[in-house]
Amino acid sequence: MPKVPLIKMPLPGPKAAAIVARDSQFVSPSYTRDYPFVMARGEGVVVEDVDGNVFLDCAAGIAVNGTGHAHPDVVRAIVDQAHKFIHMSGTDFYYEPQVRLAEELAKIVPVGGGSGQVKSFFSNSGAEANEAALKLARYTTKRVNVIAFLGSFHGRTMGALAATSSKFVQRRGFGPMMPGMYHAPYANPYRCPVGTSGEGCADACLDYLEDQILAQLVAPDEVAAVLVEPIQGEGGYVVPPRAFHQRLREITKQHGILLIADEVQSGMGRTGRMFACEHFDLDVDIVTIAKGIASGLPLGVTCARADVMTWPPGAHASTFGGNPVSCAAALETIRILKDGLLRNAEVVGDYLFGRLTALMDKHALIGDVRGKGLMIGVELVKDRKTKVRAAAERNQVVQEMFQRGVLILGAGRNAIRFAPPLVISKDQADTIVELFDESLAAVSRG
């Protein structure tokens, strides 16, 4: 194995540049590409571009490739199932991989208090999983309104988009949004949206929810659901206090409101637990899953209490949802997570968190380091006292990391997300931190 990273030429190389040019001519310009990386192959945490440059992947396909690139056991499961049949449509016919996956999910999701009385709806993505959750909540409660949170990201289809509020570019030009959606402040201890700080932010945000939204804007008995990310993803990898989720659960129970946890980015081992809800002792009515569930194959799942998911045949369906090959990959992914990968995400995540936190003594640009497991956000600021966002500097650091051979992405307006495959080693984490150190220094020098 050559030294990793190994950058052989100025980036992008000629083959990558040619593919990027073709892409610009024929592919939608709506995609957000921060730099011209063109994938050729990958193994574990290591990826190679079409020109032979070798990178460390600290993005994992946006927190998707939890088991690493081309995990041999996942590849084997995919090939074995593909040899049998690739598609049959689980909405009109039956096949065991979908049933087995529903059985496995009923055992592990933070729904129903561990009773196993859980049913699953299968789709193709996180946005579709959230759409199904919103529809189910309206159908079950016979109520129409939903409360989401500022800074959230739930997808780009019209219902999920109405709940999303992380960047205006995701909403601009697509209005009017789906009616009946309200947004409450999300408890960010570092940058509280309602003016307090630290642990007190949780109560301040939920006071606003109760005293303003539920008292002045919408009647509680007309709210179908509250949709929340246990840890905000696109909003900046924000970890709220435990008290935030505990009190939110109490509020929803008090008013007969369903609580939906969007675990699309935080679930499937990303935080060192199977689901981020576990860090907060949070049991919900509905949970949505995608990204890491099938190690890179498209799959979304909406899991709900069995007494909640009672809609009749024809109420909701998906031609490709629960594809048998995706289900086979998901079943193998769950096995791998249970067989040690969850523990690796916890151990290496704690190690990486410590290394990144130590950089605060060296780099004034770092305002905050936060996260759980291998879902870590580093927020960059121009001044630690005023917390002025260092958005341009964040973007420059991402570019510097790419030039040094690390794939990494931003989150929120001025944070950087560290979300590598869960198979990452401490040595690989050390290399990423060293190159992050160099990149911060380069940006600080101007």
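Side chains included, hydrogens not; waters and symmetry mates left out as well; all remaining heavy atoms used.
Checked for salt-bridge contact, Arg335 and Glu332 meet the test: a charged N lies under 4.0 Å from a carboxylate O. Contact check on Asp368 versus Arg191 returns no salt bridge, with no Lys/Arg side-chain nitrogen under 4.0 Å from an Asp/Glu carboxylate oxygen. Contact check on Arg370 versus Glu379 returns a salt bridge, with a Lys/Arg side-chain nitrogen under 4.0 Å from an Asp/Glu carboxylate oxygen. The pair Asp49-Lys15 fails the salt-bridge criterion, with no side-chain N (NZ, NE, NH1 or NH2) lying under 4.0 Å from an Asp/Glu carboxylate O. A salt bridge is absent between Glu103 and Arg100: the closest approach of a Lys/Arg side-chain nitrogen to an acidic carboxylate oxygen does not fall below 4.0 angstrom. Salt bridge Lys372/Glu278: absent, no basic N to carboxylate O contact under 4.0 Å. Look at Arg76 and Asp80 and you find no salt bridge, because none of the NZ, NE, NH1 or NH2 atoms lies under 4.0 Å from a carboxylate O. Salt bridge status for Lys253 with Asp283: absent, with no side-chain N to carboxylate O gap under 4.0 Å.
Rounded to the nearest 0.5 angstrom, Thr140 OG1 and Asp285 CG are separated by 10.0 Å. Note that CZ of Arg417 is 11.0 Å distant from SG of Cys58, once rounded to the nearest 0.5 Å. Rounded to the nearest 0.5 angstrom, Leu359 CG and Leu365 CG are separated by 11.5 Å. Note that CG of Leu337 is 5.5 Å distant from CE of Met268, once rounded to the nearest 0.5 Å. Interatomic distance, CG of Asp34 versus CG of Asn395, reported as 7.0 Å (0.5 Å rounding).
Within 6.0 Å of the CZ atom in Arg413, the count of heavy atoms belonging to other residues, nucleotides or ligands does not exceed 12. At most 12 heavy atoms of other shown residues, nucleotides or ligands fall within 6.0 angstrom of atom NZ in Lys119. Ile251 CD1: more than 12 foreign heavy atoms inside a 6.0 Å radius. Within 6.0 Å of CE in Met177 there are more than 12 heavy atoms belonging to other residues, nucleotides or ligands.
Proximity of a side-chain donor or acceptor of Thr271 to a complementary backbone N or O of Gly267 within less than 3.5 Å is not detected. Proximity of a side-chain donor or acceptor of Ser89 to a complementary backbone N or O of Thr319 within less than 3.5 Å is detected. Remark: the backbone N or O of Ala16 is paired with a side-chain donor or acceptor of Asp51 at under 3.5 angstrom.
Between Phe353 and Phe418, the ring centre distance reaches or exceeds 6.0 Å. The distance between the ring centers of Phe93 and Phe85 does not fall below 6.0 angstrom.
Residues Gly269 and Leu342 approach most closely at CA-CD2, 3.3 Å, considering heavy atoms. Looking at every heavy atom in both residues, Ala411 comes nearest to Gly233 through CB-O, 3.9 Å. The heavy-atom pair separating Gln428 from Ile424 by the smallest distance is OE1-CA, 3.5 Å.
With no hydrogens or angles considered, a side-chain donor-acceptor pair links Asp437 and His363 at under 3.5 Å. Between the side chains of Glu234 and Gln170, no donor-acceptor pair of N or O atoms lies under 3.5 Å. Checking Thr67 against Ser295 by side-chain atom types alone, a donor-acceptor pair falls below 3.5 Å. In this structure, a donor-acceptor pair under 3.5 Å is present between the side chains of Asp262 and Asn130. Of the N and O atoms on the side chains of Tyr351 and Asp430, at least one donor lies less than 3.5 Å from an acceptor on the other residue.
Between Leu440 and the choices Ile366, Ile416, Leu435, the side chain to side chain contact (heavy atoms under 4.5 Å, CB included) rule is met once, by Ile366.
Under the 4.5 Å side-chain criterion, counting only non-hydrogen atoms from C-beta, Ile7 is not in contact with Phe402.
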